[in-house]
Amino acid sequence: LTPGKYCHRTAGIGICRLHTSSSSASSKEHYKVLVLGGGTGGIAMSARMKRKLGAENVAVVETSEMHYYQPIWTLVGAGVKSAASSGRPTASVIPPGVKWVKSNVREIDPDTNTVRTDNGMEISYQYLIVALGLQLHYEKIKGLPEIDDWEEFKIGSNYSVLTVEKTWRALQNFKEGNAIFSFPNTPVKCAGAPQKIMYLTDAYLRKTGKRATANVMYNTSLPVLFGIKKYADALWEIVKNRDIQVNLRHNLVEVRANKQEAVFENLDNPGETEVFEYEMLHVTPPMGPNPVIKGSSLADEGGWLDVNKETLQHNKYPNVFGIGDCTNLPTAKTAAAVAAQSSILDRTISKVLKNEMPDTKYDGYTSCPLVTSYSKVILAEFDYSGQPLETFPIDQSKERWTMYHMKADVMPHLYWHGLLKGFWGGPGPIRKIMHLGMK
């Protein structure tokens, strides 16, 4: 076990944190709380557990050197923000004193309370928090893995730091023809993102005088434009007013880059495909459960972490808990959902530590700021039942510049300085004040 001082320079500011790190082969360690994953949920819960139990009792397993604020990638793809501004060194977000195991998780054995990592470590735990996120599967789209240069073939994707800036370049290089935006036939994280970039593309093409020769097209696997009717109704008005073509039940199955063609399967008539020429293609990849969870006894039939939807405690192993995209919680997978879940999970673990029954229930709160232009947002907020659960006492299905400002400027600060430090657990308390104590 070696103490290491990690120093990084971010925007000219030196960040130095003292962490203990270990990469020695076949070493054994034990922690009261072991957190798997250094994404949003993992870091937020690490901070909360450090305050509850002391830094020396908490460890995080995460292989990435950088931590990204992914919600801002919509605005990176539209040229508003830089990709560099979305990332910070992992060493700067792991709570000081908490052990960082810089490796991938290889195997979880909940029957022996043990985790094995790729670097040969075996870590035992008293309590396990699983926050491993989901897996992107670009390789499941035929023809896509063979494309070396997405830029040359005018393809982008806001779902990866490696491809998000290619969206912006495809947008800048657009001349005339079809701008196509896909939505896969799988669960996804941030289900609004595939159409946010479409609205921004429409706005950019109007601003640059290219919209008259462009056909903006949203090809989605879903049978609806958006899952919550109140917001879907507002979005249908927008697509009609802006002459955007929506093709429901269309799933991207192949990209023929040399011809600039995208092949979509008609899900209402399986086997039937339709070929679309494109001048710009934004790909939302198929997504699936983390393979380590899927290969363990922690998974449900679909491969997702099987947790109680109200307490976030595992349904079979009471000392295992889950948060975020890796879980089978029946709500939209967003950072806003993770924030609300973090406060519930904090309370659940507090009760379990005292051998008491968890008493706080997660209502499925999640949020999607639907960016509809370079200055407007519809702030969708809803719960498990698919009913709006809005923070502000106004009609949030209307486009508002105030909500855009919140998305672009306020939320990143709340993320880095509130959520990741374990101080922001979602807008529930604000909602109560705004609605005079009512839900």
Side-chain angles (χ1 to χ4, degrees), residues 71 73-80 154 156 158 167-168 170-172 174-183 188 190-250 252 262 264 274 276-284 332 334 367-382 386-388 390 392 394-408:
W73 286 348
T74 284
L75 298 180
V76 174
V80 178
K154 302 179 178 180
N158 289 357
T167 303
W168 172 228
L171 185 47
Q172 288 174 296
F174 188 96
K175 294 182 176 64
E176 60 179 320
N178 293 334
I180 301 178
F181 303 83
S182 73
F183 188 109
V188 299
C190 196
Q195 60 183 293
K196 295 177 197 179
I197 188 61
M198 172 187 72
Y199 300 123
L200 287 161
T201 296
D202 169 77
Y204 181 81
L205 295 177
R206 290 178 192 278
K207 193 167 65 176
T208 52
K210 297 176 183 175
R211 185 61 178 90
T213 57
N215 183 24
V216 179
M217 196 180 293
Y218 185 54
N219 287 6
T220 173
S221 295
L222 298 176
V224 292
L225 183 55
F226 193 72
I228 311 303
K229 187 179 184 303
K230 175 178 180 176
Y231 307 115
D233 290 347
L235 294 169
W236 276 116
E237 280 300 308
I238 290 170
V239 299
K240 283 172 189 162
N241 292 339
R242 297 184 196 172
D243 194 27
I244 293 169
Q245 185 181 334
V246 177
N247 296 311
L248 302 175
R249 304 292 285 151
H250 278 59
L252 180 65
F264 288 83
E274 193 174 347
F276 294 81
E277 289 185 0
Y278 70 83
E279 169 69 3
M280 171 188 176
L281 176 65
H282 179 269
V283 175
T284 300
T334 67
S367 170
C368 183
L370 293 152
V371 183
T372 54
S373 75
Y374 280 87
S375 60
K376 297 281 175 71
V377 157
I378 289 173
L379 183 60
E381 296 180 290
F382 47 96
Q387 294 303 307
E390 297 181 342
F392 303 101
I394 52 175
D395 182 1
Q396 289 181 198
S397 67
K398 290 190 169 16
E399 294 178 278
R400 297 179 191 273
W401 69 265
T402 48
M403 300 303 177
Y404 178 89
H405 170 63
M406 193 172 78
K407 157 78 178 171

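Small disclaimer: the values here were computed from a predicted structure and weren't measured. Values below: every heavy atom of this structure, side chains too, minus hydrogens, waters and symmetry copies. FYI, the numbering just counts along the sequence from 1.
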Not counting sequence neighbours, which residues clear ring pair (Phe, Tyr, Trp, His ring centres under 6.0 Å) with Tyr204? List them please. Trp168
I'd like to check the side-chain contact (heavy atoms from CB on, under 4.5 Å) partners of Asn247; sequence neighbours left out, ordered by chain and number. Met217, Asn219, Gln245, His250, Phe276
Would you please name every residue forming a side-chain contact (heavy atoms from CB on, under 4.5 Å) with Lys229, sequence neighbours left out? Asp233
Taking atom CG of Asn215 and atom CD1 of Ile180, what is their separation to the nearest 0.5 Å? 8.0 Å
Spacing of CD1 belonging to Ile394 relative to CG belonging to Leu379, to within rounding of 0.5 Å: 8.5 Å
side-chain contact (heavy atoms from CB on, under 4.5 Å) with Ala234: which residues, sequence neighbours excluded? Ile378, Ser397
Pairwise salt bridge (Lys or Arg N to Asp or Glu O under 4.0 Å) hits with a residue in residues 368-380, at least two apart: none
Distance, nearest 0.5 Å, that separates CG of Leu171 from CD1 of Ile197: 6.5 Å
With Glu279, which residues qualify under side chain to side chain donor-acceptor pair (under 3.5 Å), at least two apart? Lys154
Lys207 meets the salt bridge (charged side-chain N to carboxylate O under 4.0 Å, His left out) criterion, sequence neighbours left out, with none
Calculate, to the nearest 0.5 Å, the distance between atoms CZ and CG belonging to Phe181 and Leu281 respectively. 8.5 Å
Distance col, row Ser375:OG vs Tyr404:OH, nearest 0.5 angstrom, shows 7.5 Å
Go through the structure and list residues passing salt bridge (charged side-chain N to carboxylate O under 4.0 Å, His left out) with Lys230, not counting sequence neighbours. Glu390, Asp395
Please indicate whether Glu277 has more than 12 foreign heavy atoms, meaning atoms of other residues, nucleotides or ligands, lying under 6.0 Å from its CD. no
Leu75 side, atom CG; Tyr374 side, atom OH - distance, nearest 0.5 Å: 9.0 Å
In chain order, what residues pass the side-chain contact (heavy atoms from CB on, under 4.5 Å) check against Arg206, with sequence neighbours excluded? Asp202, Arg211, Arg242
Under the side chain to side chain donor-acceptor pair (under 3.5 Å) test, residues paired with Thr334 that sit two or more places apart: Thr366
Any pair with a residue in residues 211-245 that passes ring pair (Phe, Tyr, Trp, His ring centres under 6.0 Å), sequence neighbours left out, goes on the list, sorted by first then second residue, please. none
What pairs with Thr372 under side chain to side chain donor-acceptor pair (under 3.5 Å), at least two apart in sequence or on another chain? Glu399
